[in-house]
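Worksheet for the structure shown next.
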2 protein chains.
Amino acid sequence: MAVARRPGAYVCGIDAAMDVIGGKWKVLILWALHERPCRFGELRRELPGVTEKVLASHLRELEADGVVHREEYDEVPPRVEYSLTPRGVSLNEALAPLGAWGRDHVLAPAREAASAPR
Amino acid sequence: MAVARRPGAYVCGIDAAMDVIGGKWKVLILWALHERPCRFGELRRELPGVTEKVLASHLRELEADGVVHREEYDEVPPRVEYSLTPRGVSLNEALAPLGAWGRDHVLAPAREAASAPR
DNA sequence: CGGTATCCTGGATGATACTG
DNA sequence: CAGTATCATCCAGGATACCG
């Protein structure tokens with residue numbers, strides 16, 4: 001993924017968007033920030049298993065893609081807060097149908113067609 | 001990605017869905033099949049740059065996830081046709097807003113809010 | 001607290017050749 | 001035509017350590 005927004009070569013909008021959310025933790029970061037702005041340490045706790053390096057790298061990419069805003073407070077101790085930009089909010093909204101699909105078709109195995117709702 | 005549908009451990013529907021469409025070419029395969037059923041060789045031509053191995057592997061995973069149907073005709077020469085299942089169609093529909101977002105926010109650089117981002 | 005700097009590994013992807 | 005088999009490569013992601 002590195003820095004999303006590869007030079008040209010997008011076939012359609014979907015793979016362009018995939019390039020923005022293509023990191024392993026990116027949609028989860030967006031999901032967490034969707035609920036409220038978070039500090040670095042908070043995000044780390046929200047995403048069990050992510051390393052600092054990867055979290056920092058994903059945040060920088062999301063910032064470069066204009067979906068995450070980074071607000072740095074020049075205090076001691078240092079404080080940085082991440083939040084969604086309007087673009088990030090709209091991305092999250094565009095992701096919602098996909099989330100619903102995943103819930104219905106991946107997370108809820110049975111109870112799809114019209115039979116045996118457990 | 002291997003075989004999407006990792007054992008548990010999904011935080012929300014979105015990353016579950018991401019696991020299904022997480023291959024480099026998967027959304028493009030879905031996009032191509034959305035227009036019409038395709039044979040293996042057709043798909044290969046639709047996706048310039050994909051190798052046979054990766055295409056076959058992605059197709060098998062999409063089939064295992066129930067979004068692609070594989071119809072094998074026992075003829076000479078051999079013929080196999082891939083198409084979307086109803087589940088695949090709904091996945092594609094869930095992907096549409098994301099595609100629209102990518103078009104508006106990644107492919108079309110300017111002309112967004114009312115100013116000049118980037 | 002909020003990172004950066006290195007080094008490293010595994011899995012996804014690619015190239016090529018071969019088969020039913 | 002529609003793959004499979006093998007080998008090579010690339011790089012996102014992870015582990016660890018250190019810095020302002």
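Not measured: the values here are computed from a predicted model. In what follows, every chain begins at residue 1, and chains take the letters A, B, ... in the order their sequences are listed.
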Below 4.5 Å, heavy atoms only, C-beta onward: do B/Leu55 and B/Ile29 meet side chain to side chain? yes
Between B/Glu72 and B/Arg79, does any side-chain N to carboxylate O distance fall below 4.0 Å? no
Take atom [atom1] of [X] and atom [atom2] of [N], then tell me their distance rounded to the nearest Å.
| X | N | atom1 | atom2 | value |
| --- | --- | --- | --- | --- |
| A/Lys24 | C/dG11 | NZ | P | 10 Å |
| B/Leu43 | D/dG3 | CG | C1' | 13 Å |
| A/Leu47 | D/dG13 | CG | C1' | 14 Å |
| B/Ile29 | C/dT13 | CD1 | P | 10 Å |
| B/Leu55 | D/dG3 | CG | P | 8 Å |
| A/Glu61 | C/dT4 | CD | C1' | 15 Å |
| B/Glu46 | D/dA2 | CD | P | 13 Å |
| A/Glu42 | C/dG3 | CD | P | 12 Å |

DNA chain D nearest-nucleotide lookup for A/Val54 and B/Gly41: closer to the 5′ end is B/Gly41
Notebook entry, point to check: Has A/Arg39 got a side-chain N or O lying under 4.0 Å from the OP1 or OP2 atom of C/dG2?
Noted result: yes
Practice problem: Taking only the side-chain nitrogens and oxygens of A/His58, find out if one of them lies under 4.0 Å from OP1 or OP2 of D/dA12. | Solution: no
Q) Taking it one step at a time, do B/Glu46 and B/Arg44 satisfy salt bridge (charged side-chain N to carboxylate O under 4.0 Å, His left out)? A) CA-CA 5 Å; B/Glu46 298 270 357; B/Arg44 193 152 51 130; over 6 Å; no
Rounded to the nearest 0.5 angstrom, the SG-CZ distance for B/Cys12 and A/Arg103 is 7.5 Å
In numerical order, the residues of residues 70-83 of chain B whose heavy atoms come under 4.0 Å of DNA chain C are B/Pro78
**OP:** Name the orientation class of the two ring planes belonging to B/Trp31 and B/His34 (parallel below 30°, tilted from 30 to 60°, perpendicular beyond 60°).
**Re:** tilted
Exercise for review: Test side chain to side chain contact (heavy atoms under 4.5 Å, CB included) on A/Tyr82 and A/Leu59 and set out the steps.
Suggested key: CA-CA 8 Å; A/Tyr82 296 93; A/Leu59 283 170; 3.6 Å; yes
Scoring nucleotides 4-9 of chain D by protein non-hydrogen atoms under 4.0 Å (B base, S sugar-phosphate only, - none) yields B-BB--
